[in-house]
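Heads up, the thing below is written out as structure tokens.
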2 protein chains.
Amino acid sequence: MDENELPRVLQQLWGIEGRSRPGPKPAFHISDIARAAIKLADAGGLGAVSMSKVAAELGFTTMSLYRYVDAKDDLYVVMLEHAFAEPPVLDPELDWRGRITAWAEAFRDALRRHPWILQIPIQEPPLSPNQLAWMESGLDAFDGTPLTPQDRLSAMLLVNIYVRGTAQLTANMRTEPDEVREADRLYTERLTMLATPDRFPGIAATLEQPVDEGYAGDFDAAEFGFGLNTVLDGIHTRITRQTP
Amino acid sequence: MDENELPRVLQQLWGIEGRSRPGPKPAFHISDIARAAIKLADAGGLGAVSMSKVAAELGFTTMSLYRYVDAKDDLYVVMLEHAFAEPPVLDPELDWRGRITAWAEAFRDALRRHPWILQIPIQEPPLSPNQLAWMESGLDAFDGTPLTPQDRLSAMLLVNIYVRGTAQLTANMRTEPDEVREADRLYTERLTMLATPDRFPGIAATLEQPVDEGYAGDFDAAEFGFGLNTVLDGIHTRITRQTP
DNA sequence: GCACACTGTGTGCGCCATACACAGATCATA
DNA sequence: TATGATCTGTGTATGGCGCACACAGTGTGC
């Protein structure tokens, strides 16, 4: 095997400690950076996270961060890793459908806690410990089904994509529900003005049906499960087709 | 109706021309801005798009762009609108499944042509003409089914999300296929090293199965349709459940 | 006790989005 | 036809950003 070393961040996240070396002791740890950055992001979105702001939050200079992190992208990796703490422990009593549903809801909750996750530009597939643990947890949900490992991966990714996608849609995630409602009202108003029935009959039809009050709050509760069940129905079809 | 005017960009995209006014004639049009920006983005990703670069491409100063566009976000709106030209015309001979498949493939192709679309931070739901035309086209695919307008919206969004999500996954979209293959090789190598069977049995199992050669090329062709069919199976289940 | 690798710091560069003031162009109106 | 309002593109300036680099001090292994 060649000296194809892992990037430094991943080494640190996996706890591959370097032997004791000369020089001053590090004043803090990447987990401190993660905490500070997440605090800023939770409060003001990903845009509020800059090297200088994070450093200031820690009480150090901007450049000191670069002793722990090679570039801004690495900061994102560390933030993600800490935002996704331990994956949910899935009840083995449940069937695959119950398990993957619990997994999806845990994922959704994490995204709701840290909406900035959706703003992070994804450059590379995940390799950090907690990310892999979530992957494993999602795959394990299909234990007992006749699905092949590849099919399980596809199914898990499908659910993953669904959760991300729906979260993205509601990612007008202003923390204030009033703002969400107002933005939604303005949107439907404009849509009603622009999507006239003659040119956009399909869109207009969806607008005619009165939207439930408290729509924003209801979406996550009802609509999320509704769409998820559609996805799971598709996976179910594949499973039954697998065992004729 | 209050003076709740549309943002300027949307007005221009909808061709709401202001009456003739004093002052010099504009030297160009937002579509010129869109073309220049898309050219840059196609070549170097969204990061290569800056106000100064776009302006230089047009042969004007940076600040001149602000006479046409209120902020950078508006530039993104214009880019999106022009990248999604006319939506696909769906063959009415096909059933809903054939139609929405064609729609999904057209969407995927657009994303493949302009990968930077996935990098655009989405702030607001779409209101521009071509975006709505795509929405309408996707909704129309379900004509003839017993689905309610709301269900059609959900189904269309589900497919939309699926296409975006899978494109995101393969959005290591280096234009060079060699780079994709190399990145993929490196990833599986590292994953094999980190996801040991004792701690991550599920992940390890997916790695054991030998991956087809030409994986990167095959994904879009085979895997895309496979996953899409799973989603459509779910929608099919909902349709048949609708009509007992 | 020495050499050296490492620490946090300060300075500085190039790029970015965009606020603002300005001179010239052009239309509606007198 | 003259004029004033209002638009145009431009030049300049500001504050922020990520990050390269040189530096002085610190602690470890020899």
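Residue numbers begin at 1 in each chain, while the letters A, B, ... track the order of the sequences.
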- Query: Less than 6.0 Å separating the ring centroids of B/Tyr162 and A/Tyr162?
  - Reply: no

- Take atom NZ of A/Lys72 and atom C1' of C/dC15, then tell me their distance rounded to the nearest Å. 14 Å

- Message: Can you classify the ring geometry of A/Trp134 versus A/Phe84 as parallel (below 30°), tilted (30 to 60°) or perpendicular (above 60°)?
- Response: perpendicular

- Message: Rounded to whole Å, how long is the line connecting atom CD1 of A/Ile30 with atom C1' of C/dG8?
- Response: 18 Å

- Residues A/Ile38 and A/Met79: closest non-hydrogen pair is CD1-O, 3.6 Å

- Using a cut-off of 4.0 Å between protein heavy atoms and nucleotide atoms, how would you tag nucleotides 22-30 of chain C 5' to 3' with B, S and -? --BBBBS--

- In whole angstrom, give the distance that lies between atom CD1 of A/Ile33 and atom P of D/dG18. 13 Å

- Task: Tell me which residues in residues 52-66 of chain A put a heavy atom below 4.0 Å from DNA chain C, sorted by number, or none.
- Result: A/Phe60, A/Thr61, A/Met63, A/Ser64

- Task: Would you kindly give the OH-to-P distance between A/Tyr76 and D/dC17, to the nearest whole Å?
- Result: 11 Å

- Parallel, tilted or perpendicular, as decided by the 30° and 60° cut-offs, for the rings of B/Phe200 and A/Trp14: perpendicular

- Item | side chain to side chain contact (heavy atoms under 4.5 Å, CB included) evaluation trace for B/Leu139 with B/Trp103 | CA-CA 10 Å; B/Leu139 290 172; B/Trp103 185 80; over 6 Å; no

- Message: I need the CE-C1' distance between A/Met51 and C/dG10, as an integer number of Å.
- Response: 17 Å

- Task: Before giving the answer on salt bridge (charged side-chain N to carboxylate O under 4.0 Å, His left out), spell out for A/Glu182 and A/Arg185 the whole-Å C-alpha distance, their side-chain angles and the decisive distance to 0.1 Å.
- Result: CA-CA 5 Å; A/Glu182 170 60 16; A/Arg185 190 197 57 76; 2.9 Å; yes

- Message: Is it the case that the side chains of A/Glu223 and B/Ser154 hold a donor-acceptor pair, with the cut-off being a distance below 3.5 Å and no angle test?
- Response: yes

- Task: Look at the side-chain N and O atoms of B/Tyr68 and state whether any lies under 4.0 Å from the OP1 or OP2 oxygen of D/dT8.
- Result: no

- Query: So which heavy atom on B/Phe224 is nearest to which on B/Ala104, and how close?
  - Reply: CZ-O, 4.1 Å

- Whole angstrom is fine here: how far is it from NE2 in A/His29 over to C1' in C/dT7? 16 Å

